[in-house]
Amino acid sequence: MRALPRWVLIPGLLGALFVLLPLVAMAARVEWTEFGRLITSESSLAALRLSLQTSLTSAAVCVVLGVPLALLLARSSFPGLSILRSLVLIPLVLPPVVGGIALLYTFGRQGLVGRHLEVLGVQIAFSTTAVVLAQTFVALPFLVISLEGALRTAGTRYEAAAASLGARPTRVLTHVTLPLVLPALVSGTVLCFARALGEFGATITFAGSLQGSTRTLPLEIYLQRESDPQAAVALSFLLMIVAILIIALARRRVPA
Amino acid sequence: MSLSLQAVVPERGIEVELEVATGETLALVGPNGAGKSTILSLIAGSLRPADGRIVLGDRVLTATATRTWVPPHARGVTTLAQDAVLFPHLTVLGNIMFGLRSQGRSRAAARSEAMRWLREVGLSELAGRRPAQLSGGQAQRIAIARALASDPRLLLLDEPMAALDIDVAPALRELLRRFLGERTAVVASHDVLDAVTLADRLAVLENGAIVEQGPTLDVLARPRSPFAARFAGLNLLRGTWDGEDAVLPSGERVPATCDGAVPEGCEVHLAVRPSAVSILTSEAEGAVPGPRLRRQILSLEPLGDLVRVRADGIAADVPPQQIAQQQLRPGRTIAMVVTEDGASAYPVRPVR
Amino acid sequence: MRAPRHRARPGHLVRPAAAALLGLLVTVGASGCGTGDVDAAESSTLVVYAAASLQEPFEELGEQFEAAHEDVEVEFDFAGSSTLVEQIQQGAPADVFASADEPNMDTLVDADLQAADPVPFATNTLMIAVPTGNPADVTDLASLTHDGVNLVVCAKAVPCGAATGRVEESAGVEFAPVSEEQSVTDVLNKVTTGEADAGLVYVTDVKKAGDEVEGIDFPESDSAVNTYPITAISDSAQQELGQEFVDLVTSESGQRVLDGYGFGRP
């Protein structure tokens with residue numbers, strides 16, 4: 001700390017202020033006397049419930065798909081690996097609306113995959129599944145990126161030692177590899193959940209918006225802005241509180 | 001469980017053949033980069049040879065001809081590395097139980113077996129500790145217990161003592177000596193003590209090939225490669241046997257003992273103990289009998305309580321006082337005299 | 001009181017400054033000679049905030065306006081009416097506001113930002129839009145409630161959703177949409193991509209979408225006629241110019257332009 005030049009303090013504090021001030025400004029706009037009523041309206045509760053439910057599901061899907069993907073990226077070598085590594089991170093930089101459009105052309109009724117699902121009687125568009133798909137799409141890179149980094153840092157020495165003691169590959173994975181990267185797995189999953197919770201663009205483009213089935217909290221906030229800006233502010237504040245709780249939880253579980 | 005290995009790894013310049021008999025411990029010695037670790041990797045199954053065949057007991061582990069490949073976990077080969085590599089998320093006991101559980105032993109059986117091994121290495125009281133709470137020597141002891149508990153058919157030791165403090169290494173070496181007794185094992189090391197205490201046989205590896213091998217004491221007493229001589233702490237010269245002395249290519253003579261029948265005119269290796277070489281400066285020369293080797297001093301190196309005086313092709317160990325008295329320093333010309341029982345001559349090729 | 005606004009654009013930055021300097025000189029030189037029009041030499045920019053559905057006809061009208069007014073440039077900001085009202089309330093530099101519905105104009109009037117009473121200048125009615133080929137065989141409002149018809153409408157909170165509600169009421173049907181979208185554009189997108197079998201959008205949207213959708217008229221649309229009001233903004237420094245634009249929109253030639261894009265007359 002003592003080695004830092006003093007001038008760093010000023011842009012540093014400005015940076016913190018830049019992030020915190022809008023949050024304070026929003027909190028200042030909340031009509032506290034109405035707050036309870038605004039966030040407990042039927043549509044708000046439905047949106048909150050749907051958001052929590054879909055975000056948890058998305059985080060679980062991220063784990064199921066992201067852990068094997070991170071393992072492939074960190075532990076295997078095949079032609080095109082480095083290209084694949086860059087490609088799976090695309091949702092990080094893509095505007096979510098573009099992600100939504102891409103999902104539409106994949107899982108929509110006339111999409112690449114959706115066309116065949118439609119024949120089987122499975123319709124993803126306008127369903128809660130579509131919300132989970134949209135959220136998973138944007139959240140997955142967070143898990144993959146944090147887990148792949150941890151796997152690389154952990155190295156293969158422990159895995160080689162385990163195999164040398166007679167452990168089969170699956171046992172090495174479950175008893176050595178994953179426990180070693182558990183902190184990164186936890187923080188990656190929390191990040192996924194948080195990203196899913198805040199997902200808006202891909203959801204509204206791909207899943208639609210209907211109370212109870214596809215209208216998550218961010219969509220509800222955006223809609224309430226049209227008719228009841230006070231409710232939108234109150235819900236925004238609620239979303240912010242949930243986000244802060246998640247970040248605090250992740251920080252506590254994973255010491256730096 | 002005998003091991004037979006024949007392998008070629010072109011990208012690492014390896015082309016070796018070696019055999020380890022059942023119950024035997026082979027020490028693999030050689031300079032850094034000679035390929036010791038590569039050979040261990042081939043046996044452990046973390047590296048595939050371009051061409052080769054590795055057989056352990058009656059089981060083919062690797063055979064490029066038949067495309068046979070047994071994955072590392074199924075080989076029954078356990079490696080004990082330089083670092084203990086204990087799993088940080090498991091307790092000491094959990095670490096030792098790991099191999100046993102992996103082989104399908106019940107939790108209870110694995111636990112009691114692990115406890116037994118913990119007692120064997122004398123660290124029962126550490127059962128509940130995490131690896132991060134152990135000293136380097138303790139961790140390596142646990143690693144030994146963990147490796148042996150899995151009861152491998154072949155144990156590989158890769159510089160097992162290299163990362164340890166000098167004061168804990170002897171106890172650990174003794175522990176290993178006790179456990180390796182009847183086991184088949186391969187120890188890669190560049191420490192002559194490891195070889196002498198642990199190994200029945202020694203194979204010297206240079207530039208990816210085995211340059212000599214044989215019973216440990218034989219190789220150390222009669223080295224036939226520069227590395228083995230250095231390893232054994234001997235001067236290695238080459239000459240012809242004239243029935244009494246070894247004659248160097250320069251015509252200089254060195255008296256030596258020679259057991260067995262070495263015909264006159266035969267090429268011989270000449271191993272000379274540096275402590276059996278005395279150094280004369282011109283004033284004292286007349287008093288000492290025997291042929292002299294005239295050399296210029298190349299360097300002086302401290303060596304315990306002696307000083308090693310290096311000259312071209314031969315070195316002498318003398319007490320520091322002598323350095324001062326005789327004013328020995330690099331560049332000075334000296335005469336070196338080898339006492340007869342300090343040098344032994346033997347055929348260039350071992351007699352079968 | 002706000003300062004006169006100038007849109008900062010590269011190349012135009014110098015002009016306001018030069019004009020201000022020139023104005024100062026003229027004022028000094030003309031002192032005692034009565035009031036001179038110091039801004040006469042300056043080109044001005046008229047900023048029109050208009051509902052997104054008005055984009056095409058208003059751009060055409062803007063060109064007409066520029067042709068008739070040398071030295072005037074018309075700039076548009078097209079967005080949802082509620083967003084625009086909010087921005088104007090926050091001090092956005094609008095000279096004219098054209099709303100897609102009356103409630104949003106009422107919000108503006110409540111804030112006393114209108115320069116004159118808002119004038120209705122166009123109407124729009126709902127129409128059923130179906131993907132080309134009409135895969136779900138939609139014929140009228142009642143068929144929208146059939147099982148297996150993926151209907152998408154606007155959310156009640158936005159104007160097109162309110163209109164949809166009025167249509168439902170007068171027709172005595174109850175829709176079970178698969179999605180209630182944020183805007184009429186979103187509804188139309190769901191129809192053009194084939195995700196939805198039908199959507200309720202404005203006549204003008206169907207017209208704009210061209211071949212990508214088919215429009216189906218229904219008699220109950222009369223019960224939800226959406227009226228577009230327009231007004232100049234009181235905060236504006238060029239109210240007169242703004243009023244001239246309002247006059248153009250409500251004039252016969254302006255109305256003809258709006259006709260061409262499917263709008264009705266009030």
Practice task
Return yes when atom CZ of R183(B) has more than 12 non-hydrogen atoms of other residues, nucleotides or ligands closer than 6.0 Å, and no otherwise.
Solution key: yes
Problem - Contact summary for Y158(A) and F87(B), nearest pair of heavy atoms - result: O-CE2, 3.3 Å
Exercise for the section: Below 4.5 Å from any heavy atom of chain A, which atoms of L86(B) appear? Answer side chain, backbone, both or neither. Expected result: backbone
Practice task
Just say parallel, tilted or perpendicular for the rings of F98(B) and H175(A), cut-offs at 30° and 60°.
Solution key: perpendicular
Exercise for the section: Go through the atoms of P72(B) and report whether side chain, backbone, both or neither lie under 4.5 Å from a heavy atom of chain A. Expected result: both
Exercise for the section: Evaluate whether atom CG of L20(A) has more than 12 neighbouring non-hydrogen atoms of other residues, nucleotides or ligands under 6.0 angstrom away. Expected result: yes
Handout entry: Exceeds 12 heavy-atom contacts within 6.0 angstrom, atom CZ of F78(A)
Key = yes
Problem - Contact origin within V85(B) toward chain A - heavy atom pairs under 4.5 Å - result: both
Completion exercise
Cut-off 4.5 Å, heavy atoms of chain A, and the answer for R101(B) is both
Exercise for the section: Identify the heavy atoms of R146(B) and A161(A) that sit nearest to each other, and give their distance. Expected result: NH2-CB, 4.1 Å
Problem - L182(A) backbone acceptor or donor facing H89(B) side chain under 3.5 Å - result: no
Exercise for the section: Working to the nearest 0.5 Å, report the span between CD of Q103(B) and CZ of R171(A). Expected result: 10.0 Å
Problem - Crowding at CZ, R67(B) (>12 non-hydrogen neighbours, <6.0 Å) - result: no
Practice task
Answer yes or no: does atom CD of Q133(B) have more than 12 heavy-atom neighbours from other residues, nucleotides or ligands under 6.0 Å?
Solution key: yes
Practice task
Return yes when atom CZ of R53(B) has more than 12 non-hydrogen atoms of other residues, nucleotides or ligands closer than 6.0 Å, and no otherwise.
Solution key: no
Handout entry: Which atoms of A160(A) approach chain B - backbone, side chain, both or neither, heavy atom under 4.5 Å
Key = neither
Exercise for the section: Taking the side chain as every heavy atom from C-beta outward, state whether R168(A) and S102(B) have any pair of such atoms under 4.5 Å apart. Expected result: no
Handout entry: Expected output: side-chain S150(B) to main-chain L165(A) donor-acceptor under 3.5 Å
Key = no
Practice task
Report, as yes or no, whether the 6.0 Å neighbourhood of atom CD on Q138(B) holds more than 12 heavy atoms from other residues, nucleotides or ligands.
Solution key: yes
Exercise for the section: Using atom types as modelled and distance alone, determine if a side-chain donor or acceptor of S164(A) lies under 3.5 Å from a backbone N or O of T79(B). Expected result: yes
Exercise for the section: Return yes when atom CD of E125(B) has more than 12 non-hydrogen atoms of other residues, nucleotides or ligands closer than 6.0 Å, and no otherwise. Expected result: yes
